[in-house]
Amino acid sequence: MAYYYSEPSHTFNEYLLVPGYSSSECIPTNVSLKTPLVKFKKGEEPAISLNIPMVSAIMQSVSGDRLAVALAQEGGVSFIYGAQTIEDEAAMVAKVKNFKAGFVRSASNLRPDQTLADVLALKEENGFSTVAITEDGSPEGKLLGIVTGRDYRVSRMDPAEKIETFMTPLSKLITAPEGTTLKEANDIIWDHKLNSLPIVRKDGTLCYFVFRKDYDQHKNNPMELLDAEKRYVVGAGINTRDFAERVPALVNAGADVLCIDSSEGYSEWQKITIAWIREHYGDTVKVGAGNVVDGEGFRFLAECGADFVKVGIGGGSICITRETKGIGRGQATALIDVCKARDEYFKETGVYVPVCSDGGIVHDHHMTLALAMGADFMMLGRYFARFDESPTAKVNVNGTLMKEYWGEGSNRARNWQRYDLGGSKKLSFEEGVDSYVPYAGKLSDNVQISLAKVRSTMCNCGALTIPELQQKAKLTLVSSVSIVEGGAHDVLLKSTNKQV
């Protein structure tokens, strides 16, 4: 006879936090959201920690290199999507790692015989205002000059004018030799009031640029997440099919952490994948696993050697696994169960395996609930898909700006590896939908607002850290009528003239 759970599974929307005593120290500016990303032993520090409890989902419509940079600037980590060729995923990882090395490989290059029209087209395509002019138009060609917005005026120049006639030539540029340190480069930039400094090899070929804006950006983003070489931390998704080829490529590209992208993680396939990584890399390569929805699944993956465990099946806004296959669990109940197992495992072994809540978060306050229920951090898809930095197109739908957002189990994604159960290499039926989400602007603006709410609620609970919140939080289930009571009701809203 099948096993029956005596209690129904619940979602975040069915819970509220009950306020606790707040001391005078409980103000949002004193709250730390630092949290472990990977497992560690009692008394030791984790190899990687997040400055904010947010990571982006391993999805084609969410986690490209641009979003990875923007999220790392705020203190979180993106997991570059794995539903692409190994070469393309590794290239995205490398692009993120090179972005914040301080020494940036030139991403905007032309030849001197090209035209102003080419400069304008390139700027429109990638948004960069500094164009390196090299002999062959390559990022590492012989440097002949640069073009910035100060070198041309569109209204007074012929688009067909050759670049060589208006570029700033090498003879008038201040450059630095290969081997210059980042501190030395920044000193040169400040001493000479430059916006950029080309780093040039002895043979005259271009190595990198160092930009003034990167220095300013660091000062404006004190929470940014950097590795030991001051490069942005970035993750990458892998699957249980081609890991033997994909993992080495991602590691060589500089990925700081990997995560098995699977709809269901309580399987031998994940055990085999983790075992291969441990055999070839030991503990130097960090890899998360999942997804699971109960303590039994957590313990299995923890014992397999996972560095963190993801929780959630069927709770994503574009996921239809529950209605298609009838499998899953309410996200709140799943998270509470798994976090209980995590704490028991830590008590038994002295090894703390962080838990990632993946799916089910609709409102900002759900983030605080997830943390209070035990999550160390959250993986978000729909949330990040709405921003400028996500890889998808911005479209006008009936007068409203939207962004495209589709699930990895949708026919559009065709990510059969994520749902692979060892059968034929195809997606037999859909477990995700193709949709739109309302456009919401810049990632940084939205993340800061969301986390301001989290910090405020933590102070209401008398907590200044995530572990303290988990210790002090008091949670109550709510009835359907109290959910209605919690919103605006029995008034006429001015903004819409709609009675609620």
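In this text, all values refer to a predicted model and were calculated from it rather than measured experimentally.
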Less than 4.5 Å apart, side chain to side chain, heavy atoms only: is that true for [X] and [Y]?
| X | Y | value |
| --- | --- | --- |
| H280 | V247 | no |
| L301 | K310 | no |
| F377 | L37 | yes |
| Y232 | L226 | yes |
| L17 | H365 | no |
| S49 | K34 | yes |
| I313 | S263 | no |
| V62 | F79 | no |

Dump the intermediate steps for side chain to side chain contact (heavy atoms under 4.5 Å, CB included) on Y405 and M59, then the final yes or no. CA-CA 9 Å; Y405 179 47; M59 300 177 70; 3.4 Å; yes
N/O donor-acceptor pair under 3.5 Å between [X] side chain and [Y] backbone:
| X | Y | value |
| --- | --- | --- |
| T476 | L16 | no |
| D256 | V234 | yes |
| Q270 | A289 | no |
| S390 | A385 | yes |
| S456 | A452 | no |
| E89 | G237 | yes |
| D376 | P36 | no |
| R455 | I27 | no |
| E44 | F40 | no |
| E264 | G328 | no |

Quick check: closest heavy atoms across [X] and [Y], and the distance to 0.1 Å?
| X | Y | result |
| --- | --- | --- |
| G312 | N291 | O-ND2, 2.7 Å |
| V338 | V292 | CG2-CG2, 4.3 Å |
| K39 | V351 | CD-CG1, 4.2 Å |
| F308 | C356 | CD1-CB, 4.3 Å |
| Y345 | A302 | OH-O, 3.6 Å |
| I466 | M458 | N-CE, 3.8 Å |

Counting only heavy atoms from other residues, nucleotides and ligands, does the tally under 6.0 Å from [atom1] of [X] exceed 12?
| X | atom1 | answer |
| --- | --- | --- |
| I327 | CD1 | no |
| E303 | CD | yes |
| K403 | NZ | yes |
| Y208 | OH | no |

Out of the candidates T273, D307, V287, only one should pair with L258 under the side-chain contact (heavy atoms from CB on, under 4.5 Å) rule; please name it.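 The side-chain contact (heavy atoms from CB on, under 4.5 Å) with L258 is passed solely by V287 among T273, D307, V287.
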Determine the interplanar angle of the F300 and Y266 rings, folded into 0 to 90°, and report it as parallel if under 30°, tilted if 30 to 60°, perpendicular if over 60°. tilted
Parallel, tilted or perpendicular, judged at 30° and 60°: which one describes the rings of H10 and Y15? perpendicular
Atom [atom1] in [X], atom [atom2] in [Y]: separation rounded to 0.5 Å?
| X | Y | atom1 | atom2 | answer |
| --- | --- | --- | --- | --- |
| R246 | T240 | CZ | OG1 | 11.5 Å |
| N51 | N221 | CG | CG | 11.5 Å |
| F12 | L335 | CZ | CG | 5.5 Å |
| W269 | N239 | CH2 | CG | 12.0 Å |
| Q331 | T11 | CD | OG1 | 10.0 Å |
| C339 | Q470 | SG | CD | 7.0 Å |

Tell me, with the steps shown, if V131 and S108 meet side chain to side chain contact (heavy atoms under 4.5 Å, CB included). CA-CA 5 Å; V131 180; S108 197; 3.6 Å; yes
Determine whether L469 and T368 satisfy the following criterion, side chain to side chain contact (heavy atoms under 4.5 Å, CB included), listing intermediate values before the conclusion. CA-CA 9 Å; L469 173 66; T368 321; 4.3 Å; yes
Are any of the side-chain nitrogens in D261 or R241 under 4.0 Å away from the carboxylate oxygens of its partner? no
Run D283 and R278 through side chain to side chain contact (heavy atoms under 4.5 Å, CB included) and show every step you take. CA-CA 6 Å; D283 289 327; R278 296 291 173 248; 3.5 Å; yes
For S56, give me all partners under side chain to side chain donor-acceptor pair (under 3.5 Å), at least two apart in sequence or on another chain. S63, S78
Residue pairs meeting side-chain hydrogen bond (donor to acceptor under 3.5 Å, both in side chains), one or both in residues 438-454, sequence neighbours left out, come to E74-Q448, D364-S450, D364-K453, Y383-S450, D388-Y439
